[in-house]
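All remarks here apply to the structure that follows.
Scope of the values below: all heavy atoms of this structure, side chains included, with no hydrogens, waters or symmetry mates. All ligand and atom numbering here is 1-based and tracks the order in the structure. It should be emphasised that the depicted structure is a prediction, and the values quoted were computed from it without experimental measurement.
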Amino acid sequence: ELRGTTLPDLLAERGWTDAEIERAPGSWAVIGSVVLVTLEDCPREAELGDALLELHGEADTVLAHEGVDGERREPDGRVIAGDPSTETIHTEHGTRYALDLRDVMFSPGNKAERARMADVIAGEAGPTVETDREGPERVFDMFAGIGYFTLPMARAGAEVTAAEINPTAYRYLIENAVLNDVQDRVEAYRADCRDVEVSGADRVVMGYYDAHEYLDDAVAAAASGGVLHVHEATPEAELWDRPVGRIEAAADRAGRGVEIEGKRKVKSHSEGVWHVVVDARVA
Ligand code: SAM
(Lines give C-alpha, C1' and ligand atoms only; values in the text may rest on other atoms or scores of the structure.)
Protein backbone atom coordinates (compact mmCIF):
# COMPACT_ATOMS: atom_id res chain seq x y z
CA GLU A 1 0.00 0.00 0.00
CA LEU A 2 1.25 3.52 -0.74
CA ARG A 3 2.25 4.99 2.59
CA GLY A 4 -0.34 7.44 3.83
CA THR A 5 -2.45 7.34 0.67
CA THR A 6 -6.01 6.06 1.03
CA LEU A 7 -8.62 4.96 -1.47
CA PRO A 8 -10.76 8.09 -0.83
CA ASP A 9 -7.68 10.26 -1.63
CA LEU A 10 -7.16 8.47 -4.93
CA LEU A 11 -10.85 8.71 -5.82
CA ALA A 12 -10.91 12.43 -4.97
CA GLU A 13 -7.94 12.89 -7.33
CA ARG A 14 -10.10 11.30 -10.00
CA GLY A 15 -12.79 13.89 -9.43
CA TRP A 16 -15.20 11.80 -7.35
CA THR A 17 -17.65 13.80 -5.23
CA ASP A 18 -17.92 13.12 -1.49
CA ALA A 19 -21.27 11.42 -2.09
CA GLU A 20 -19.69 9.09 -4.65
CA ILE A 21 -16.75 8.32 -2.36
CA GLU A 22 -19.28 7.35 0.35
CA ARG A 23 -20.50 4.59 -1.94
CA ALA A 24 -16.99 3.15 -2.53
CA PRO A 25 -16.08 -0.03 -0.63
CA GLY A 26 -14.38 0.38 2.77
CA SER A 27 -12.50 -2.90 2.60
CA TRP A 28 -11.17 -5.47 0.14
CA ALA A 29 -8.68 -8.33 0.11
CA VAL A 30 -5.45 -8.77 -1.79
CA ILE A 31 -5.08 -12.44 -2.74
CA GLY A 32 -1.85 -13.03 -4.60
CA SER A 33 -1.89 -10.52 -7.46
CA VAL A 34 -5.66 -10.03 -7.37
CA VAL A 35 -7.59 -7.39 -5.43
CA LEU A 36 -10.93 -8.94 -4.48
CA VAL A 37 -13.67 -6.47 -3.67
CA THR A 38 -17.41 -6.64 -3.08
CA LEU A 39 -19.33 -3.76 -4.65
CA GLU A 40 -22.76 -2.93 -3.42
CA ASP A 41 -23.83 0.30 -4.99
CA CYS A 42 -20.52 1.68 -6.22
CA PRO A 43 -20.39 4.15 -9.14
CA ARG A 44 -17.59 4.45 -11.73
CA GLU A 45 -16.32 0.89 -11.33
CA ALA A 46 -13.44 1.11 -13.81
CA GLU A 47 -12.00 4.15 -12.02
CA LEU A 48 -12.41 2.45 -8.68
CA GLY A 49 -10.49 -0.53 -10.09
CA ASP A 50 -7.68 1.72 -11.36
CA ALA A 51 -7.44 3.43 -7.98
CA LEU A 52 -7.18 0.06 -6.20
CA LEU A 53 -4.38 -0.98 -8.57
CA GLU A 54 -2.59 2.27 -7.83
CA LEU A 55 -2.99 1.65 -4.09
CA HIS A 56 -1.66 -1.91 -4.35
CA GLY A 57 1.31 -1.64 -6.68
CA GLU A 58 1.99 -5.39 -6.53
CA ALA A 59 -1.50 -6.31 -7.78
CA ASP A 60 -2.38 -6.82 -11.46
CA THR A 61 -6.12 -7.37 -11.42
CA VAL A 62 -9.24 -6.14 -9.63
CA LEU A 63 -12.04 -8.67 -9.39
CA ALA A 64 -15.51 -7.67 -8.22
CA HIS A 65 -16.92 -10.58 -6.23
CA GLU A 66 -20.61 -11.30 -6.68
CA GLY A 67 -21.29 -14.17 -4.30
CA VAL A 68 -20.72 -17.92 -4.13
CA ASP A 69 -23.14 -20.49 -5.51
CA GLY A 70 -24.20 -23.97 -4.65
CA GLU A 71 -22.72 -27.09 -3.14
CA ARG A 72 -19.50 -26.65 -5.09
CA ARG A 73 -19.04 -23.12 -3.79
CA GLU A 74 -18.44 -21.64 -7.25
CA PRO A 75 -17.86 -17.90 -7.07
CA ASP A 76 -19.30 -15.28 -9.41
CA GLY A 77 -17.23 -12.27 -10.33
CA ARG A 78 -16.01 -9.95 -13.05
CA VAL A 79 -12.73 -8.16 -13.68
CA ILE A 80 -13.18 -4.38 -13.41
CA ALA A 81 -9.54 -3.31 -13.94
CA GLY A 82 -6.15 -4.62 -14.99
CA ASP A 83 -5.10 -7.97 -16.39
CA PRO A 84 -8.11 -10.15 -17.31
CA SER A 85 -6.43 -13.23 -15.82
CA THR A 86 -7.60 -14.07 -12.30
CA GLU A 87 -5.21 -16.97 -11.78
CA THR A 88 -2.65 -16.28 -9.08
CA ILE A 89 -0.53 -17.71 -6.27
CA HIS A 90 -1.38 -16.48 -2.79
CA THR A 91 1.12 -17.01 0.03
CA GLU A 92 -0.07 -17.17 3.63
CA HIS A 93 2.09 -18.24 6.60
CA GLY A 94 4.50 -19.80 4.10
CA THR A 95 1.81 -21.93 2.42
CA ARG A 96 1.37 -21.29 -1.29
CA TYR A 97 -2.11 -21.48 -2.78
CA ALA A 98 -2.41 -21.46 -6.57
CA LEU A 99 -5.97 -20.71 -7.62
CA ASP A 100 -8.16 -18.93 -10.10
CA LEU A 101 -10.39 -16.61 -8.10
CA ARG A 102 -13.03 -16.64 -10.79
CA ASP A 103 -13.39 -20.42 -10.44
CA VAL A 104 -12.76 -21.24 -6.81
CA MET A 105 -13.31 -19.40 -3.56
CA PHE A 106 -10.81 -18.13 -1.02
CA SER A 107 -12.05 -16.64 2.25
CA PRO A 108 -9.62 -14.07 3.67
CA GLY A 109 -11.60 -14.18 6.93
CA ASN A 110 -10.60 -17.82 7.51
CA LYS A 111 -6.90 -16.95 7.72
CA ALA A 112 -6.55 -17.46 11.48
CA GLU A 113 -8.32 -20.81 11.29
CA ARG A 114 -6.02 -21.98 8.48
CA ALA A 115 -3.06 -21.07 10.71
CA ARG A 116 -4.64 -22.79 13.71
CA MET A 117 -5.05 -26.04 11.80
CA ALA A 118 -1.27 -26.04 11.22
CA ASP A 119 -0.72 -25.24 14.90
CA VAL A 120 -2.88 -28.11 16.18
CA ILE A 121 -0.65 -30.50 14.23
CA ALA A 122 2.41 -28.88 15.79
CA GLY A 123 0.72 -29.26 19.20
CA GLU A 124 0.54 -25.50 19.73
CA ALA A 125 -3.18 -24.67 19.58
CA GLY A 126 -6.42 -26.48 20.23
CA PRO A 127 -6.97 -30.05 21.33
CA THR A 128 -4.06 -32.43 21.06
CA VAL A 129 -4.39 -35.99 19.85
CA GLU A 130 -3.01 -38.82 21.94
CA THR A 131 -2.40 -42.08 20.18
CA ASP A 132 -0.29 -45.06 21.05
CA ARG A 133 0.54 -45.34 17.37
CA GLU A 134 3.91 -44.07 16.13
CA GLY A 135 4.20 -41.66 13.25
CA PRO A 136 2.42 -38.59 11.92
CA GLU A 137 -1.15 -37.60 12.73
CA ARG A 138 -3.70 -38.81 10.19
CA VAL A 139 -6.13 -36.21 8.97
CA PHE A 140 -9.27 -36.61 6.86
CA ASP A 141 -10.16 -33.31 5.16
CA MET A 142 -13.69 -33.98 3.91
CA PHE A 143 -14.16 -30.69 1.99
CA ALA A 144 -10.62 -29.92 0.91
CA GLY A 145 -11.19 -27.27 -1.77
CA ILE A 146 -7.83 -26.14 -3.14
CA GLY A 147 -6.17 -27.31 0.09
CA TYR A 148 -7.17 -24.51 2.50
CA PHE A 149 -6.58 -26.77 5.53
CA THR A 150 -4.92 -29.78 3.86
CA LEU A 151 -1.83 -27.80 2.86
CA PRO A 152 -0.96 -26.11 6.18
CA MET A 153 -1.67 -29.36 8.04
CA ALA A 154 0.49 -31.44 5.68
CA ARG A 155 3.25 -28.81 5.87
CA ALA A 156 3.09 -29.13 9.67
CA GLY A 157 3.72 -32.88 9.31
CA ALA A 158 0.30 -34.55 9.05
CA GLU A 159 -0.67 -37.22 6.54
CA VAL A 160 -3.87 -36.01 4.91
CA THR A 161 -6.59 -37.82 3.00
CA ALA A 162 -8.41 -35.07 1.12
CA ALA A 163 -11.77 -35.26 -0.67
CA GLU A 164 -12.97 -32.60 -3.09
CA ILE A 165 -15.96 -32.89 -5.39
CA ASN A 166 -15.37 -29.82 -7.60
CA PRO A 167 -13.03 -30.78 -10.49
CA THR A 168 -11.45 -27.31 -10.74
CA ALA A 169 -10.76 -27.09 -7.02
CA TYR A 170 -9.43 -30.67 -7.14
CA ARG A 171 -7.00 -29.74 -9.94
CA TYR A 172 -5.60 -26.92 -7.78
CA LEU A 173 -5.47 -29.20 -4.74
CA ILE A 174 -3.17 -31.59 -6.61
CA GLU A 175 -1.11 -28.73 -8.05
CA ASN A 176 -0.81 -27.07 -4.63
CA ALA A 177 0.36 -30.27 -2.94
CA VAL A 178 3.27 -30.28 -5.42
CA LEU A 179 3.82 -26.53 -5.11
CA ASN A 180 4.23 -26.93 -1.34
CA ASP A 181 6.26 -30.12 -1.67
CA VAL A 182 3.79 -32.19 0.37
CA GLN A 183 2.61 -34.49 -2.44
CA ASP A 184 3.94 -37.48 -0.47
CA ARG A 185 1.74 -36.58 2.51
CA VAL A 186 -1.49 -35.81 0.65
CA GLU A 187 -3.75 -38.47 -0.80
CA ALA A 188 -6.40 -36.61 -2.77
CA TYR A 189 -9.68 -37.97 -4.13
CA ARG A 190 -11.90 -36.22 -6.64
CA ALA A 191 -14.97 -37.57 -4.97
CA ASP A 192 -17.84 -37.05 -2.61
CA CYS A 193 -16.28 -37.42 0.85
CA ARG A 194 -18.96 -39.98 1.75
CA ASP A 195 -17.51 -42.30 -0.89
CA VAL A 196 -13.94 -42.10 0.42
CA GLU A 197 -13.31 -44.85 2.93
CA VAL A 198 -11.36 -43.58 5.91
CA SER A 199 -11.12 -45.04 9.38
CA GLY A 200 -8.88 -44.32 12.33
CA ALA A 201 -8.42 -40.62 11.52
CA ASP A 202 -6.84 -38.57 14.32
CA ARG A 203 -8.59 -35.47 12.99
CA VAL A 204 -11.53 -34.94 10.67
CA VAL A 205 -11.74 -31.45 9.18
CA MET A 206 -15.21 -30.36 8.05
CA GLY A 207 -14.73 -26.93 6.46
CA TYR A 208 -18.17 -26.61 4.92
CA TYR A 209 -21.25 -24.80 6.16
CA ASP A 210 -23.40 -27.89 5.58
CA ALA A 211 -20.91 -30.09 7.44
CA HIS A 212 -23.58 -31.22 9.90
CA GLU A 213 -25.19 -33.32 7.16
CA TYR A 214 -21.98 -35.37 7.04
CA LEU A 215 -21.44 -35.88 10.76
CA ASP A 216 -22.30 -39.60 10.72
CA ASP A 217 -19.56 -40.17 8.14
CA ALA A 218 -17.12 -38.03 10.11
CA VAL A 219 -17.74 -39.91 13.35
CA ALA A 220 -17.28 -43.22 11.50
CA ALA A 221 -13.94 -42.01 10.11
CA ALA A 222 -12.60 -40.81 13.47
CA ALA A 223 -10.28 -42.90 15.63
CA SER A 224 -11.15 -43.38 19.25
CA GLY A 225 -9.81 -40.16 20.79
CA GLY A 226 -9.87 -38.45 17.39
CA VAL A 227 -10.99 -34.83 17.03
CA LEU A 228 -13.62 -33.44 14.67
CA HIS A 229 -13.26 -29.80 13.55
CA VAL A 230 -16.84 -28.97 12.55
CA HIS A 231 -17.71 -25.70 10.80
CA GLU A 232 -21.17 -24.18 10.72
CA ALA A 233 -22.97 -20.93 9.94
CA THR A 234 -24.89 -20.40 13.16
CA PRO A 235 -27.45 -17.73 14.04
CA GLU A 236 -26.35 -15.82 17.16
CA ALA A 237 -29.33 -17.12 19.17
CA GLU A 238 -28.32 -20.75 18.52
CA LEU A 239 -24.75 -20.42 19.79
CA TRP A 240 -23.68 -22.95 20.89
CA ASP A 241 -26.64 -25.28 21.31
CA ARG A 242 -27.23 -26.06 17.64
CA PRO A 243 -23.70 -27.07 16.55
CA VAL A 244 -22.97 -28.87 19.82
CA GLY A 245 -26.36 -30.62 19.76
CA ARG A 246 -25.80 -31.86 16.22
CA ILE A 247 -22.39 -33.28 17.09
CA GLU A 248 -23.68 -34.95 20.25
CA ALA A 249 -26.61 -36.46 18.32
CA ALA A 250 -24.26 -37.93 15.68
CA ALA A 251 -21.96 -39.43 18.32
CA ASP A 252 -25.02 -40.82 20.07
CA ARG A 253 -26.28 -42.47 16.87
CA ALA A 254 -22.90 -44.19 16.57
CA GLY A 255 -22.99 -45.25 20.23
CA ARG A 256 -19.86 -43.20 20.97
CA GLY A 257 -19.17 -40.57 23.58
CA VAL A 258 -18.06 -37.06 22.66
CA GLU A 259 -16.41 -34.18 24.47
CA ILE A 260 -16.52 -30.60 23.21
CA GLU A 261 -13.02 -29.16 23.50
CA GLY A 262 -13.26 -25.88 21.65
CA LYS A 263 -15.85 -23.41 20.37
CA ARG A 264 -14.66 -20.56 18.18
CA LYS A 265 -16.09 -17.83 16.04
CA VAL A 266 -14.15 -17.79 12.75
CA LYS A 267 -15.79 -14.70 11.30
CA SER A 268 -19.06 -12.95 10.80
CA HIS A 269 -21.01 -14.85 8.12
CA SER A 270 -23.86 -12.39 7.61
CA GLU A 271 -26.07 -10.17 9.75
CA GLY A 272 -26.63 -12.04 13.03
CA VAL A 273 -24.96 -15.23 11.79
CA TRP A 274 -21.50 -16.49 12.75
CA HIS A 275 -19.14 -18.81 10.94
CA VAL A 276 -18.08 -21.02 13.84
CA VAL A 277 -15.91 -24.08 14.37
CA VAL A 278 -16.37 -26.63 17.13
CA ASP A 279 -13.62 -29.05 18.14
CA ALA A 280 -15.09 -32.32 19.41
CA ARG A 281 -13.23 -35.39 20.65
CA VAL A 282 -14.96 -38.69 19.90
CA ALA A 283 -14.54 -41.59 22.33
N1 SAM B 1 -12.59 -24.29 4.13
C2 SAM B 1 -12.50 -23.42 3.01
C3 SAM B 1 -12.00 -22.05 3.36
O4 SAM B 1 -11.35 -21.94 4.38
O5 SAM B 1 -12.18 -21.10 2.61
C6 SAM B 1 -13.79 -23.42 2.24
C7 SAM B 1 -14.07 -24.73 1.63
S8 SAM B 1 -15.43 -24.70 0.58
C9 SAM B 1 -16.62 -23.89 1.54
C10 SAM B 1 -16.04 -26.31 0.68
C11 SAM B 1 -15.57 -27.25 -0.40
O12 SAM B 1 -16.23 -28.49 -0.21
C13 SAM B 1 -15.88 -26.80 -1.81
O14 SAM B 1 -14.69 -26.78 -2.56
C15 SAM B 1 -16.86 -27.88 -2.34
O16 SAM B 1 -16.66 -28.19 -3.70
C17 SAM B 1 -16.52 -29.05 -1.47
N18 SAM B 1 -17.59 -30.04 -1.27
C19 SAM B 1 -18.92 -29.82 -1.05
N20 SAM B 1 -19.57 -30.97 -0.85
C21 SAM B 1 -18.64 -31.97 -0.91
C22 SAM B 1 -18.69 -33.39 -0.73
N23 SAM B 1 -19.84 -34.01 -0.47
N24 SAM B 1 -17.55 -34.08 -0.83
C25 SAM B 1 -16.36 -33.46 -1.09
N26 SAM B 1 -16.25 -32.12 -1.26
C27 SAM B 1 -17.38 -31.37 -1.17
Give the cluster check for L215 versus Y209: same hydrophobic cluster or not, with ILVMFWY residues linked at side-chain heavy-atom distances below 4.5 Å. no
If we set the cut-off at 4.0 Å for heavy atoms, which region of M105 has an atom near ligand 1: side chain, backbone, both, or neither? side chain
Report the nearest protein non-hydrogen atom to atom 2 (C) of ligand 1: residue, atom name, distance rounded to 0.1 Å. Y148 CD1, 3.2 Å
What protein heavy atom sits nearest atom 21 (C) of ligand 1, and how far away is it? F143 CD2, 3.6 Å
Is Y209 close enough to touch ligand 1? Criterion: a residue heavy atom under 4.0 Å from a ligand atom. no
Of all the non-hydrogen atoms in the protein, which one sits nearest to atom 19 (C) of ligand 1, and at what distance? E71 O, 3.4 Å
For residues 106-113, please give each side-chain donor-acceptor pair under 3.5 Å, one per line with the distance, not counting sequence neighbours.
residue : atom : partner : partner atom : Å
N110    : OD1  : K267    : NZ           : 2.5
E113    : OE1  : R116    : NE           : 3.0
E113    : OE2  : R116    : NH2          : 3.0

Starting from atom 15 (C) of ligand 1, find the nearest protein heavy-atom neighbour and note its residue, name and distance. E164 OE2, 3.4 Å
For the side chain to side chain contact (heavy atoms under 4.5 Å, CB included) test, which of R242, M206, E238 pairs with E232? R242
Atoms of ligand 1 less than 4.0 Å from G145 heavy atoms? 14 (O)
Are E20 and R14 within salt-bridge range, i.e. N to O under 4.0 Å? no
Atom 24 (N) of ligand 1: closest protein heavy atom, distance to 0.1 Å, is C193 N, 2.9 Å
Numbered atoms and elements of ligand 1 in range of Y214, under 4.0 angstrom, heavy atoms: 23 (N)
Has A191 got any heavy atom lying under 4.0 angstrom from an atom of ligand 1? yes
Aromatic plane relationship, H231 with H275 - under 30° parallel, 30 to 60° tilted, over 60° perpendicular: tilted
Considering non-hydrogen atoms of the protein only, which is the closest contact for atom 7 (C) of ligand 1, and what is the distance? G207 O, 3.4 Å
Other residues, nucleotides and ligands only: do more than 12 of their heavy atoms fall within 6.0 Å of CD on E22? no
Holding to ring-ring contact (aromatic ring centres under 6.0 Å, His included), I want the full list of residues that pass it with F143, two or more places apart in sequence or in another chain. Y208, Y214
Between D202 and V139, is there a donor-acceptor pair closer than 3.5 Å when you use the side chain of the first and the backbone of the second? no
Measuring from atom 25 (C) of ligand 1, which candidate in M142, R114, E213, E113 has the nearest non-hydrogen atom? M142
Does D60 use its side chain to pair, donor to acceptor, with the backbone of D83 at less than 3.5 Å? no
Which residue owns the protein heavy atom closest to atom 26 (N) of ligand 1, what's the atom, and how far is it? I165 N, 3.4 Å
Among protein heavy atoms, which lies nearest atom 1 (N) of ligand 1, and at what distance? F149 CE1, 3.3 Å
Among N110, D192, T168, closest by heavy atom to atom 23 (N) of ligand 1 is D192
Would you say V277 ends up clustered with V230 if hydrophobic residues are merged whenever their side chains have heavy atoms under 4.5 Å apart, either directly or through other cluster members? no
Measuring from non-hydrogen atoms of F106 to any atom of ligand 1, is the shortest distance under 4.0 Å? no
Is the number of heavy atoms from other residues, nucleotides or ligands within 6.0 Å of CG (D18) greater than 12? no
Run the numbers for me: atoms of ligand 1, each under 4.0 Å from some heavy atom of S107, listed by number. 5 (O)
